[in-house]
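Here the structure is laid out as C-alpha cells; the discussion comes afterwards.
Every chain is numbered from 1 and lettered A, B, ... according to where its sequence line falls, protein lines coming before strand lines.
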2 protein chains.
Amino acid sequence: MEAETANATDAYGIPVIPASSDAVRRKRRAIVDAAAAEFLAEGYAAASMDAITSRSGVSKATLYKHFGTKERLFLAAIGGILRETCAGLEPDGSALAEAADLRSALITLTGDWATLLLRPDVMTLRRLVIGETGRFPQLGRLWYQVTYDMLNGPLVEALTELGRRGRLEVADPELAVRQLVAATVGVPQLVDTFAPGTETDPAELTRVVTSGVDLFLARYAVP
Amino acid sequence: MEAETANATDAYGIPVIPASSDAVRRKRRAIVDAAAAEFLAEGYAAASMDAITSRSGVSKATLYKHFGTKERLFLAAIGGILRETCAGLEPDGSALAEAADLRSALITLTGDWATLLLRPDVMTLRRLVIGETGRFPQLGRLWYQVTYDMLNGPLVEALTELGRRGRLEVADPELAVRQLVAATVGVPQLVDTFAPGTETDPAELTRVVTSGVDLFLARYAVP
DNA sequence: GTCTATAGACTGATAGAC
DNA sequence: GTCTATCAGTCTATAGAC
C-alpha cells in the first residue's frame, strides 16, 4: 500500500525504501543524490525542495510520490550516504590481536581511520549531523552507532584478546578504546570541526597519530 | 553615523554594538536574549524574525534599527553568549606549575572544564556553532579561539614550566595539551555531541577524567 | 510645534505540499 | 503548475519627549 511504504522506517527511524524496477530505482537514485548535495551544502532548513527538484531532473510530483515530505527525504538521503560512507570499510580489528608489532599495527589502523574521517565530505556530513541532532535525534544515534561498530567495537574485542594474552593490561577496554580514538583521530578532527577545510598535512597527521598511540601504550602496554 | 554603527564588526566579524542609554540598552538586551533563545532552539535558517520580535516584546522596526539584518543579529546574539559563557572563568593554569600534587591538580582542572563544557546549554551552543560553521566561519574561529585561550593556552604554559622544573618531559607541549584535553573532556563530550541530553553521572565523569589524566602522566611524567 | 522612535500592517518572494 | 502560509524586510501613521 502506498501510504505504508511511504512511511516505513527502520530501527533508527530512517525511511526504508522498497526495491523496484530499474527505471524507478534510477530516478530515486537521482533524487537522493540531488537531495544529499543540497542538504550538505545548505543544511536542512535552508535547503529548498525546488532546488532538489531542479538538480535531480524529476518533477515535484515524482519527488513527493516517493518521499512524501522534506523530513523523510532528508533522513533517507543523509542516512543513506552515512551508511554508504562507512560501507566497504573493513574494520579488520581481528588482525590486531595477531600483529607481531602492535605499535605499528595501531598506528596504521588509527591512521587509516583518521584519513577516512578527515575527508572533507565526511567532515561536512559530520557537521551537518551534529547541527541537526536536535531536530533529528535518530541521525545522531545512527552516526554514533555506525562509527562505533566500525571503529570502537572491533577494537574493544582486540584489546580484550590482547589482555588475555598478557600483552596489554586494560582494566576497562571500553574506556581505553575511547581514549585511544580521542587521542589520535580526535585531535586533528577537533580543529577541522570548527575550521572547515583545514589542510591536514599527511606527515603531521602521522606524527599526531603516532604520538597518540605512544600515549596509549605508555599506559596500557605490559612492559 | 547610522550606517557605520549598524555595520561595524570586530576582528572575528562579530557585530560591535555601541554603548547607549539604559532604556535603549535594556531593549537591546531583550532582543539579544530572545534571539539567542530562538536561534539555539531552531538553528539559523529555521529561526523566524517574527518569533524573535514577539519573544523580545519590541517592534520589528526597533529590531532592524539596531541589528540591520538577520545575519548580524545572529552573529551578535551567538557571539555574545559565546563570550559570556566563558567570561568569569579563571583559567588559573599558573597554579598548576606550583601544585604539590600534580595529578590531583590536573584532575581538578580537567574535571572543572568537563563540567562546564558538558553543561546542556554549552553543548547546545557548541552543536549550533558546528552546524553553522559552513555559513558563518567566523563563529567557528571564535569558538576555537575562546576555548583555546581558556583551556589550552594557559595549560601549554604550565606544562612548559613543569618541563623546565624537571617534573614533566614534554617535547611538544602544544600537542600534549591537545591530547590531554581529548583524553579527558573529549571522551564524554563526544557522546553528548551525538546524543543530546545524555546524563553524565558525576562519579562516572570523575572516573573518566581521572583515567585520562593517568594516561597523560604515564607518558609525560618524569619518574 | 517639532522630531525621533515605535508599532504593526504590508509587500514581494519563496517555501512546502499536492 | 497551483495553492496557501510564511518568510525577511519596509513603510506609514502615531505616541511621546522636549
Side-chain angles (χ1 to χ4, degrees), chain A residues 1-9 15 17 24 27-28 30-32 34-78 128 131-132 135-136, chain B residues 1-7 15 17-78 132 135-136:
Chain A
M1 196 180 172
E2 201 68 54
E4 201 174 342
T5 336
N7 290 314
T9 57
I17 307 300
V24 169
K27 281 203 175 184
R28 192 131 55 194
I31 295 170
V32 167
E38 172 78 4
F39 284 128
L40 282 170
E42 304 292 336
Y44 175 74
S48 134
M49 295 293 271
D50 277 344
I52 294 170
T53 305
S54 310
R55 278 186 199 247
S56 66
V58 308
S59 74
K60 292 186 94 172
T62 306
L63 193 154
Y64 274 95
K65 176 117 183 127
H66 285 312
F67 295 96
T69 66
K70 189 185 187 183
E71 283 200 10
R72 279 180 54 79
L73 178 55
F74 178 74
L75 289 171
I78 301 303
L128 178 66
E132 303 293 352
R135 201 183 300 268
F136 301 103
Chain B
M1 198 179 172
E2 202 67 56
E4 203 174 340
T5 333
N7 291 314
I17 307 300
S20 234
S21 79
D22 265 16
V24 169
R25 194 176 297 191
R26 228 173 310 120
K27 285 208 170 181
R28 193 131 54 194
R29 184 78 226 168
I31 296 170
V32 167
D33 288 347
E38 172 79 4
F39 285 128
L40 282 170
E42 304 292 338
Y44 174 75
S48 135
M49 294 293 270
D50 279 343
I52 294 170
T53 304
S54 310
R55 276 187 199 247
S56 65
V58 308
S59 74
K60 289 192 94 174
T62 307
L63 193 155
Y64 274 96
K65 179 118 184 117
H66 287 313
F67 296 97
T69 67
K70 189 185 187 182
E71 282 201 12
R72 280 180 53 79
L73 177 56
F74 178 74
L75 289 171
I78 300 303
E132 303 292 352
R135 201 182 300 268
F136 300 104

Length of the line joining [X]:[atom1] and [N]:[atom2], which is rounded to integer Å:
X: B:Lys65; N: C:dT4; atom1: NZ; atom2: P; answer: 9 Å
X: B:Ile52; N: D:dT6; atom1: CD1; atom2: P; answer: 17 Å
X: B:Arg28; N: C:dT6; atom1: CZ; atom2: P; answer: 11 Å

Got a salt bridge between A:Asp50 and A:Lys60, using NZ or NE/NH1/NH2 to carboxylate O under 4.0 Å?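 Salt bridge: yes.
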Under the side chain to side chain contact (heavy atoms under 4.5 Å, CB included) criterion, do A:Ile52 and A:Met49 qualify, and how do the steps go? CA-CA 5 Å; A:Ile52 294 170; A:Met49 295 293 271; 4.3 Å; yes
Residue pair B:Ala34 / B:Arg55: nearest heavy atoms and the distance that separates them: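 Closest pair (atom of B:Ala34, atom of B:Arg55, distance): CB-CB, 3.6 Å.
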For B:Glu71 versus B:Tyr44, what's the shortest heavy-atom pair and its separation?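 Closest pair (atom of B:Glu71, atom of B:Tyr44, distance): CG-OH, 3.2 Å.
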Return no unless some side-chain N or O of B:Ser59 is found under 4.0 Å from OP1 or OP2 of C:dT6.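 Negative; the distance criterion is not met.
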The criterion is side chain to side chain donor-acceptor pair (under 3.5 Å); which residues satisfy it with B:Thr62, sequence neighbours excluded?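 By the side chain to side chain donor-acceptor pair (under 3.5 Å) rule, B:Thr62 matches B:Ser59.
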Please round to the nearest 0.5 Å and tell me the distance separating atom CZ of A:Phe39 and atom CG of A:Leu75.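 With rounding to 0.5 Å, CZ (A:Phe39) is 9.0 Å from CG (A:Leu75).
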Please enumerate all protein N or O atoms sitting under 3.5 Å from an N or O of nucleotides 11-18 of chain C, with distances to 0.1 Å.
from   : atom 1 : to      : atom 2 : distance (Å)
C:dG16 : OP1    : A:Ala47 : O      : 3.0
C:dG16 : OP1    : A:Lys70 : NZ     : 2.6
C:dG16 : OP2    : A:Met49 : N      : 2.7
C:dA17 : OP2    : A:Lys70 : N      : 3.0
C:dA17 : N6     : A:Lys60 : NZ     : 2.7

